[in-house]
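Heads up, the thing below is written out as structure tokens.
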2 protein chains.
Amino acid sequence: MKYIEKLRNSGLRPTKQRLQICEVLFNTERTFHFTINDLERKIKDKIDNKISLATIYNTVHAFEKKGYLKQIPINSNQIYFDTNITDHHHFYNLKDGKLIDLENSDVGPINIKRKIDGKKIKSIEVLVKLED
Amino acid sequence: MKYIEKLRNSGLRPTKQRLQICEVLFNTERTFHFTINDLERKIKDKIDNKISLATIYNTVHAFEKKGYLKQIPINSNQIYFDTNITDHHHFYNLKDGKLIDLENSDVGPINIKRKIDGKKIKSIEVLVKLED
DNA sequence: ACAGCTATTTAGAACCATTATAAACTGTAA
DNA sequence: TTACAGTTTATAATGGTTCTAAATAGCTGT
């Protein structure tokens with residue numbers, strides 16, 4: 001299994017549930033955005049056994065902490081995650097709530113002129129809201 | 001009262017509760033960020049009567065819809081609002097969860113090169129996460 | 001292969017911010 | 001002042017997320 005080493009190297013035991021969630025999240029042609037609810041449905045569709053909702057939450061948080069997933073900063077009643085962990089931004093379609101990736105090259109370089117003492121920039125995330 | 005006309009002009013009846021919330025939100029030297037919980041405490045401190053939590057929610061949403069408040073796009077268990085409705089961005093201190101305004105002039109112009117058919121850009125919001 | 005230990009999974013309960021409800025109240029226009 | 005739509009209110013309901021504690025599974029040393 002291709003994800004066993006990845007998990008072990010992160011200090012996560014490669015359990016059956018985690019490996020199955022890896023398949024759903026990472027064994028795809030394209031990266032994608034999802035909520036826990038979306039992921040729960042995808043898992044139900046793809047695998048025959050059941051994975052508890054608590055495990056899905058635990059795993060997603062573990063993967064996020066290890067840097068295999070990113071949260072998308074957006075106000076919604078649910079948290080949106082992204083399997084695309086490269087540096088990039090998002091369009092947010094206000095009409096239907098859909099997110100679209102904006103590659104870093106689609107956005108000119110962002111120059112933050114102000115500095116905060118003793119702090120360094122961890123990430124810069126741009127949300128571009130779209131309307132009709 | 002200075003807020004009566006403002007409310008009437010927006011089609012909102014200038015009720016006692018709304019006027020008092022206006023005082024707390026807008027009769028200040030500086031703009032600020034708040035959650036509903038923060039606002040509830042501020043109101044308790046500043047006025048002697050009680051305003052129902054439901055009214056605080058209703059009013060904040062009404063003001064947001066009218067453009068007197070903005071939500072700050074950030075993942076948190078609570079929604080953050082901003083009384084600064086000018087075009088600007090935010091630093092987000094991961095250590096303590098505090099937000100700091102970044103004036104538009106503190107950020108170089110942002111050039112979104114990609115277009116989405118039939119959509120126009122409503123806003124561009126940048127969140128700069130800070131770590132030690 | 002087994003024992004023993006810790007990490008993980010699980011169902012269900014708990015939590016808590018937010019929204020819905022429906023009855024009482026209030027601003028406003030005639 | 002009346003009538004009506006808009007507001008406020010306490011409280012219940014909702015729903016995403018986290019907690020709990022018991023059962024299970026991966027791992028290490030023997």
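Values below: all heavy atoms of this structure, side chains included; hydrogens, waters and symmetry mates excluded. To find a chain, count down the sequence lines: A is the first, B the second, and so on, and within it residues start at 1.
Between A:Asp101 and A:His33, the side chains place a donor N or O and an acceptor N or O closer than 3.5 Å (distance only, hydrogens not considered). Checking A:His88 against A:Asp82 by side-chain atom types alone, a donor-acceptor pair falls below 3.5 Å. Side-chain polar atoms of B:Asn37 and B:Thr35 form no donor-acceptor pair below 3.5 angstrom.
An OP1 or OP2 oxygen of D:dT18 is reached within less than 4.0 angstrom by a side-chain nitrogen or oxygen of A:His61. For the pair A:Lys16 and D:dG26, the criterion of a side-chain N or O lying under 4.0 Å from OP1 or OP2 is not met. Between B:Tyr57 and C:dT18 there is a side-chain N or O to OP1 or OP2 distance below 4.0 Å.
The interatomic distance linking B:Asn58 (CG) with C:dA20 (C1') rounds to 10 Å, in whole Å. The separation between B:Gln20 atom CD and D:dT8 atom P is 11 Å, rounded to whole Å. As rounded to whole Å, 11 Å separates atom P of C:dT18 from atom CG of B:Asp38. Atoms CD (A:Gln17) and C1' (C:dA7) sit 12 Å apart, rounded to a whole Å. For A:Leu7 and D:dA25, the CG to P distance is 18 Å, given to the nearest whole Å. Remark: P of D:dG16 and CD1 of A:Ile56 are 13 Å apart, rounded to the nearest angstrom. To the nearest angstrom, C1' of C:dT8 lies 12 Å from CD1 of A:Ile51. Look at CD1 on B:Ile4: it is 14 Å from C1' on C:dT26, rounded to the nearest Å.
Within the 4.5 Å cutoff, side-chain heavy atoms of A:Lys129 are placed close to those of B:Glu125. No side-chain heavy atom of A:Ile43 sits less than 4.5 Å from a side-chain heavy atom of A:Gln20. Residues B:His89 and B:Leu127 form no side-chain contact, since every pair of their non-hydrogen atoms from C-beta on lies 4.5 Å or further apart.
Using a 4.0 Å cutoff on non-hydrogen atoms, the parts of residues 68-82 of chain A near DNA chain D are A:Asn77, A:Gln78, A:Ile79, ordered by number.
When each of D:dT9, C:dT10, D:dG16 is scored by its nearest atom to the side-chain atoms of A:Ala54, the top-ranked nucleotide is C:dT10. When each of D:dA10, C:dT19, C:dA11 is scored by its nearest atom to the side-chain atoms of B:Lys50, the top-ranked nucleotide is D:dA10. In the set C:dT26, D:dT8, C:dA20, C:dT26 carries the atom at the smallest distance from any side-chain atom of B:Arg13. Of the candidates C:dA11, C:dT9, C:dT28, the closest approach to any side-chain atom of A:Thr15 belongs to C:dT9. Comparing C:dT28, C:dT9, C:dA11 by their nearest atom to the side chain of A:Ser52 picks out C:dA11. Proximity note for A:Thr55 (side chain, C-beta onward) versus D:dG26, C:dT9, C:dT18: the nearest is C:dT9.
The residue from B:Tyr3, B:Phe26, B:Phe63 that alone fulfils the side chain to side chain contact (heavy atoms under 4.5 Å, CB included) condition with B:Ile21 is B:Phe63.
Checking B:Arg8 against B:Leu53, the closest nucleotide of DNA chain C that is more toward the 5' end is the one next to B:Leu53.
With respect to the salt-bridge test (charged N to carboxylate O, under 4.0 angstrom), the residues A:Asp38 and A:Arg41 qualify.
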